[in-house]
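The structure under discussion appears below in the form of C-alpha cells.
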Amino acid sequence: MTKKLYIETVGCQMNVLDSELVVASLRKEGYELTDSPQAADTVLFNTCSVRQHAEDKIYSALGRLKNAKQENPDKIIGVLGCMAQKDQKLIFQRAPYVDLIVGPGQLHQVPQLISEIADGAGQQMEVSLGRKDGGRAEIERSHESFDPLRDPTMRPTPYQAYVRIVIGCDKFCTYCIVPSVRGPEQSRPPAQILAEARQLASEGCKEITLLGQTVNSYKFKEGERTTRFSDLLNAVHEIPGIERIKFVTNYPKDMTDDVLETVRDLPKLAKYLHVPLQSGSDAVLDRMKRGYTTDDYREMHDRIREWLPRAAVSSDFIVGFCGETEDEFQATMDSVREYRFKNSFIFKYSERPGTKGAERYPDDITEEVKRERNNRLLDLQNEISEADNQDFLGREVEVLVEGPSKTATRKDEADGPVLQLTGRTMCDRIVVFEGNQRQIGETLPIAIYDANAHTLFGNVVTQHVGPELFTLGV
Ligand code: 5AD
Ligand code: SF4
C-alpha cells in the first residue's frame, strides 16, 4: 500500500541534498510525496540551526500539527537535520507529539525508525556524538553520510544535481553552529564521488554542484596518494555528459593557485566563486576567528583576478556581530565597494548557544541596528550588482535553461505556447527570456537587452550569424 510523505526542507543546499536522499530511501518503502501535511501519513521537517529564525519557523510548523496528530495519532511526525542534532530531546519536550528525531549523520536510518514507530515502538531518536563526546575517529564515524541513493524528483531541476564532497567543518568560526551539528570535516573518497557523478550524468544531469561547508578544503589521502580539490575537479571534468561544474562554499584560506588554475583551464568549470568574507573589519574577523585578515582576503582576491579576470565572485556577510561598531560596519561597506561582489548574502547575527561566540561575547547590537545595517549593506550591494549587470546589455550569454520562471506568464501564439523561462549563465547570473517547453534543459545563446540587480533579460538568439558570415555580406 502506498503511504504519503510530506517533507519540508529549510536551510542550505546540503539540506536539499539530504532531503533528496531521505525521499529516495522512503520511496523504496512504498512512499509517495504529497504537498499536504494534513493528508500525509508521515510528515518530516529537515531543519537548519544556522540562525534562530530558521528554528522558530520549524517550531511554529510543529505547533500547527498538534491538532492533526490528535485527530490522527498514527500520523508520524519527524524532525531531521541540524536542529535535531542540536536540540535533541528538547524537541520532544517542546512538542511531545513528535515521534522521530534524526541528526544529519543518521538519515540512512529514517526508513527503519519510521517502521519501528509504526509498529508501536514509541518515540525514537538517533543523533551523532557531540564534538567532545569521544575520540576523533569515533565522532567521525557517528556522522555517517549516505549518498548513493538519489531521487531525481527532488533535485533543483532534472538537469542539475548536488554532489557532496566534504561533510562537516573544522574551522570553528565563533558565530557558527555547523562544526558542532555537522561534525568533523571529512572528505569523501574520490571514487565514490566520481561514481555518483557518472550515475547522475547517465540520468541526464548536465550540471553538478559539488558541496561542502568548506568545499575547497577537500583533501583525500589513500596510502601514499593524496587527491587535492583541484585533482578532483580534473577528474569530474572528464565525465561525459556533464557540461557544467560548480562548487560551494569556498573558504578564503584554501583558495590555492592550483584550484584557480584548474577553474581557468577547464571549460566546464563555472567561472563563479562564492568565497565569503563575512566582515571587512580585521577586529571583527578576529572576534569571529575566521582565520584570515582583510589583507589575506585581498591577496586571495588579487590572485582570483590574475587567474580569472572575468570570474564572478560572491560573498556572505554577517552584520551586527558582537561589539560591531559603526566604524567596523563601515569597513564592511568599504569592502563591498572594493571587491564589487556579483552578489552578497547578508545575515543579521543570530547568537547560537554552544558556540564560542555566545560564550565569549554578548550579543549587544540591537535588532534595530542590525536591521538598519543589513538594509544599508544590501542597498549598496544591489547598486553594485545592478551596475555590473548593465555591462551585459547587448552581449550574448550561454544559458542552461532551468524551467519556467516563478512569474511565468503564458500566452498563446501562432507557433505554440510561449513560456517565460529562467536559467543561469556560466558565471551564475540569472537570465529570464521567452521560449518554449522544448528548450528546458538546453544550453542556449541569449542576447541580453535589459538588466536589474538580480536578473538579466534577453532573447534567444535563433540564428547565430558569426563574423565570417558578416564579411560575406550575409
Ligand atoms: N548568525 C548569522 N549568520 C550566520 N551565518 C552562519 N552562522 C550565523 C549566525 N550565527 C551565515 C554566514 C555563513 C552563512 C551560511 O550563514 O554568513 O556564511
Ligand atoms: Fe561555519 Fe566557519 Fe565552518 Fe563556514 S567555515 S561552516 S562559517 S565554522
Side-chain angles (χ1 to χ4, degrees), residues 10-17 47-57 81-83 85-86 104 131 143 164-187 209 211-218 229 247-255 273-281 284-292 296-297 300 313-324 329 332 335-336 341 343-365 367 369-371 373-374 377-378 381:
V10 291
C12 62
Q13 291 106 324
M14 217 42 116
N15 270 14
V16 174
L17 175 56
T47 62
C48 171
S49 283
V50 153
R51 283 168 289 275
Q52 183 65 44
H53 177 66
E55 296 190 350
D56 293 344
K57 262 172 59 181
C82 294
M83 196 181 92
Q85 179 65 38
K86 173 176 161 283
R131 293 288 304 232
H143 285 269
R164 191 180 339 248
I165 68 164
V166 185
I167 65 169
C169 182
D170 281 344
K171 306 294 191 234
F172 285 101
C173 303
T174 56
Y175 52 79
C176 189
I177 195 76
V178 167
S180 58
V181 291
R182 291 239 172 215
E185 181 186 302
Q186 301 182 68
S187 294
T209 302
L211 295 185
Q213 307 298 339
T214 56
V215 72
N216 57 336
S217 311
Y218 180 89
F229 181 49
F247 51 89
V248 287
T249 288
N250 292 284
Y251 182 65
K253 283 295 260 187
D254 291 330
M255 195 57 95
L273 299 169
H274 181 60
V275 208
L277 170 60
Q278 307 294 2
S279 166
S281 150
V284 175
L285 287 176
D286 187 51
R287 293 201 291 281
M288 288 178 167
K289 282 235 165 309
R290 278 291 283 174
Y292 55 82
D296 294 334
Y297 191 91
M300 177 217 62
V313 181
S314 63
S315 178
D316 291 350
F317 287 100
I318 297 177
V319 295
F321 185 63
C322 314
E324 186 187 65
F329 171 69
T332 296
S335 69
V336 168
F341 295 108
N343 67 293
S344 292
F345 300 98
I346 301 166
F347 306 102
K348 293 176 285 180
Y349 173 59
S350 167
E351 186 177 78
R352 307 288 56 220
T355 58
K356 282 275 177 284
E359 225 172 76
R360 284 183 197 163
Y361 311 111
D363 178 14
D364 54 0
I365 307 300
E367 186 55 30
V369 172
K370 284 179 186 171
R371 191 174 345 110
R373 288 181 184 167
N374 188 327
L377 193 60
L378 198 60
Q381 177 63 63

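We count ligands from 1, going down the list as the structure has it; atoms in each ligand are counted the same way.
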Residue [X] vicinity, atoms of ligand 2 by number, heavy atom under 4.0 Å:
| X | result |
| --- | --- |
| V178 | 6 (S) |
| C176 | 1 (Fe), 6 (S), 7 (S), 8 (S) |
| Q213 | 6 (S) |
| P179 | 8 (S) |
| F172 | 8 (S) |

Residue part near ligand 2, for T214, under 4.0 Å between non-hydrogen atoms: side chain
Proximity to ligand 2 by part of Y175, non-hydrogen separation under 4.0 Å: side chain
Parallel, tilted or perpendicular: rings of Y297 and Y292 (30°, 60°): tilted
Charged N-O contact under 4.0 Å between K348 and E367: yes
Note: D296-R290 ion pair, threshold 4.0 Å (strictly below): no
In terms of residue, atom name and distance, what is the protein heavy atom nearest to [atom]?
| atom | result |
| --- | --- |
| atom 10 (N) of ligand 1 | S350 O, 2.8 Å |
| atom 11 (C) of ligand 1 | R51 NH1, 3.3 Å |
| atom 8 (S) of ligand 2 | C173 N, 3.4 Å |

Where ligand 1 meets Q278 - atom numbers and elements under 4.0 angstrom, heavy-atom basis: 12 (C), 13 (C), 17 (O), 18 (O)
Numbered atoms and elements of ligand 1 in range of D316, under 4.0 angstrom, heavy atoms: 13 (C), 14 (C), 15 (C), 17 (O), 18 (O)
Heteroatom test (N, O or S) for C169 near atom 3 (Fe) of ligand 2, limit 2.8 Å: yes
With distance as the sole test, does [X] use its side chain to make a donor-acceptor pair with the main-chain N or O of [Y] at under 3.5 Å?
| X | Y | value |
| --- | --- | --- |
| D364 | C322 | no |
| T214 | Y251 | no |
| N15 | V10 | yes |
| T174 | R287 | yes |
| R373 | G320 | no |

Test item, R290 contacting ligand 2 (heavy atom, 4.0 angstrom): yes
Any side-chain donor near an acceptor of the partner, E55 and S49, under 3.5 Å: yes
From S315 atom OG to I346 atom CD1, the distance as rounded to the nearest 0.5 Å: 9.0 Å
Proximity to ligand 1 by part of I318, non-hydrogen separation under 4.0 Å: side chain
Ligand 1 contact on Y175 by region, counting heavy-atom pairs under 4.0 Å: both
Within-shell test, K348 vs ligand 1, heavy atom, strictly < 4.0 Å: yes
Distance under 6.0 Å and angle within 45° of ring axis: R51 vs F347: yes
